[in-house]
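Numbers here are sequence positions counted from 1.
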Amino acid sequence: MATGTEPPATEPHPRSGGVRTGTRAAIAAPHLRTDRWWLAPAATAAGLLAFVVYSTWRAFADADYYAAPYVSPFYSPCLAENCEPMKAGPNWELFGSWWGVSPAIIILIFPLGFRLTCYYYRKAYYRGFWASPPACAVAEPHARYTGETRFPLILQNVHRYFFYAAILVAGILTYDTVLAFRDEHYAWGHMGLGTLVFLVNIALIWAYTISCHSCRHIVGGKLKHFSRHPVRYRMWQWVGRLNARHMQLAWASLLSVALADFYVYLVASGVFDDPRFF
């Protein structure tokens, strides 16, 4: 019995390839959404592109990233010999004088790799840049869909390993935040506006990192009986609540790390002096 969805035998399907094959319902329009569905992927693309442009500029600038006691999160830890000396700071000169470009290029590999392979960011840039798919109920324009089974998207599977690197980076940024309780002469017991900026940033960085799906799996994965592991079960519940806010934490931490870097840039370039609370 005909259902009214089969295309007539004499009428070719409006578009072929991918999801628009002959087995698709006989709907000429690519989708039936009448709302402004394109606003969300467009805003996502604009936000990510703005951060990429800003972080690229700051990473290659190789200047104005340290104003005692603050160091830009883009440049910490400093792994090259050409870094500015930071008293008691994370100066690890693993790369000698032969390293001629900005030292930020070395360290940004790890937080960038963590975010690029993050489950939320995959959704964000898949929709915003690759239109795969651009929105719910809107078919993607690609002729074939292979998911993350082929190069280069199969490299998304290294996310769990970037998570371990992200934990290390978050620990180093925590150390930088502790050092921010000094003044410009490295005396302890002081707090400036930059200290507050660093505190907010590190709180969001940790919240985003811990809310990661990989962290949730590490905490509660492979357990058959939660009742036999009450501590891990409690931790799994706590991480799960954070995980429900993973998208918001991803954007908030992305904004906070850029603002922390920009604040250091303003102080280091002499735009204004860091206001002191005590």
Side-chain angles (χ1 to χ4, degrees), residues 37 39-41 43-45 47-48 51 55 73 76 107-130 132-138 140 145 147-149 153-178 196-260:
W37 59 266
L39 283 178
T44 297
L48 292 178
F51 180 80
S55 59
S76 183
I107 191 59
L108 282 179
I109 295 173
F110 301 103
L112 182 61
F114 177 60
R115 288 185 182 265
L116 281 177
T117 57
C118 164
Y119 286 100
Y120 168 69
Y121 280 108
R122 295 185 205 182
K123 170 187 173 182
Y125 62 76
Y126 282 7
R127 289 189 172 188
F129 294 98
W130 294 347
S132 181
C136 292
V138 178
E140 60 180 81
Y145 176 76
E148 297 174 349
T149 62
L153 296 186
I154 196 173
L155 295 179
Q156 303 282 26
N157 293 322
V158 302
H159 177 63
R160 69 188 67 183
Y161 303 107
F162 275 119
F163 168 74
Y164 301 136
I167 289 290
L168 178 60
V169 171
I172 294 170
L173 296 183
T174 302
Y175 177 70
D176 292 339
T177 303
V178 173
L196 183 60
V197 171
F198 273 50
L199 282 171
V200 172
N201 178 57
I202 195 57
L204 290 173
I205 289 292
W206 273 115
Y208 166 65
T209 305
I210 295 176
S211 68
C212 169
H213 295 74
S214 293
C215 180
R216 191 166 183 257
H217 176 73
I218 291 171
V219 170
K222 297 184 178 181
L223 292 182
K224 296 182 178 179
H225 305 282
F226 276 126
S227 59
R228 297 180 184 178
H229 304 274
V231 175
R232 291 186 63 183
Y233 178 56
R234 290 281 184 177
M235 293 176 63
W236 180 80
Q237 286 182 311
W238 180 63
V239 173
R241 285 192 289 270
L242 281 177
N243 182 259
R245 300 288 184 269
H246 196 51
M247 179 186 73
Q248 294 87 341
L249 292 172
W251 281 106
S253 60
L254 193 72
L255 179 62
S256 70
V257 73
L259 288 177

Nearest-0.5 Å distance, [atom1] of residue [X] to [atom2] of residue [Y]:
| X | Y | atom1 | atom2 | result |
| --- | --- | --- | --- | --- |
| Gln156 | Tyr121 | CD | OH | 13.5 Å |
| Leu48 | Thr44 | CG | OG1 | 6.5 Å |
| Leu168 | Phe110 | CG | CZ | 8.5 Å |
| Gln237 | Arg216 | CD | CZ | 10.0 Å |
| Leu259 | Leu254 | CG | CG | 10.0 Å |
| Leu112 | Ser55 | CG | OG | 7.5 Å |

> Side chains of Glu140 and Tyr126: is there a donor and an acceptor less than 3.5 Å apart?
Replying inline: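 No, no side-chain donor-acceptor contact under 3.5 Å.
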
> What residues, two or more places apart in sequence or in another chain, satisfy ring pair (Phe, Tyr, Trp, His ring centres under 6.0 Å) together with Tyr125?
Replying inline: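 With neighbours one apart ignored, the set is Trp130.
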
List the atom of [X], the atom of [Y], and the distance in Å for their closest heavy-atom pair.
| X | Y | answer |
| --- | --- | --- |
| His229 | Leu223 | CD2-CD2, 3.6 Å |
| Ala45 | Gly128 | CB-O, 3.6 Å |
| Cys215 | Phe163 | CB-CZ, 3.5 Å |
| Gly220 | Trp236 | CA-CD1, 3.6 Å |
| Asn243 | Ser211 | ND2-O, 2.8 Å |
| Pro41 | Pro134 | CG-O, 3.4 Å |

> Going by the side chain to side chain donor-acceptor pair (under 3.5 Å) test, which pairs reach into residues 159-169, not counting sequence neighbours?
Replying inline: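 As it turns out, the side chain to side chain donor-acceptor pair (under 3.5 Å) pairs with a partner in residues 159-169, which skip direct neighbours, are Thr117-His159.
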
> Backbone N or O of Leu249 within a donor-acceptor pair of the Tyr120 side chain at under 3.5 Å?
Replying inline: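 Checked: no pair found.
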
> Judged by atom type as modelled, is there a donor-acceptor pair below 3.5 Å linking the side chain of Arg232 to the main-chain atoms of Val219?
Replying inline: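 Yes.
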
>> Set out, in order, the CA-CA distance, both residues' side-chain angles and the distance that settles side chain to side chain contact (heavy atoms under 4.5 Å, CB included) for Phe51 and Leu255, then state yes or no.
In response: CA-CA 8 Å; Phe51 180 80; Leu255 179 62; over 6 Å; no

>> Pair Arg127, Cys136 - check side chain to side chain contact (heavy atoms under 4.5 Å, CB included), show working.
In response: CA-CA 10 Å; Arg127 289 189 172 188; Cys136 292; 3.4 Å; yes

>> Let's go through Ser76 and Ile107 carefully: what are the C-alpha distance in whole Å and the side-chain angles of both, what is the deciding distance for side chain to side chain contact (heavy atoms under 4.5 Å, CB included) to 0.1 Å, and is it a yes or a no?
In response: CA-CA 7 Å; Ser76 183; Ile107 191 59; over 6 Å; no

> Considering only heavy atoms from C-beta outward, does the side chain of Trp238 approach that of Ile210 to under 4.5 Å?
Replying inline: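 Trp238 reaches Ile210 side chain to side chain.
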
Under 3.5 Å, sequence neighbours excluded: what are the donor-acceptor pairs made by side chains of residues 201-208?
residue: Asn201; atom: OD1; partner: Ser256; partner atom: OG; Å: 2.8
residue: Asn201; atom: OD1; partner: Val257; partner atom: N; Å: 3.1
residue: Trp206; atom: NE1; partner: Thr174; partner atom: OG1; Å: 2.7

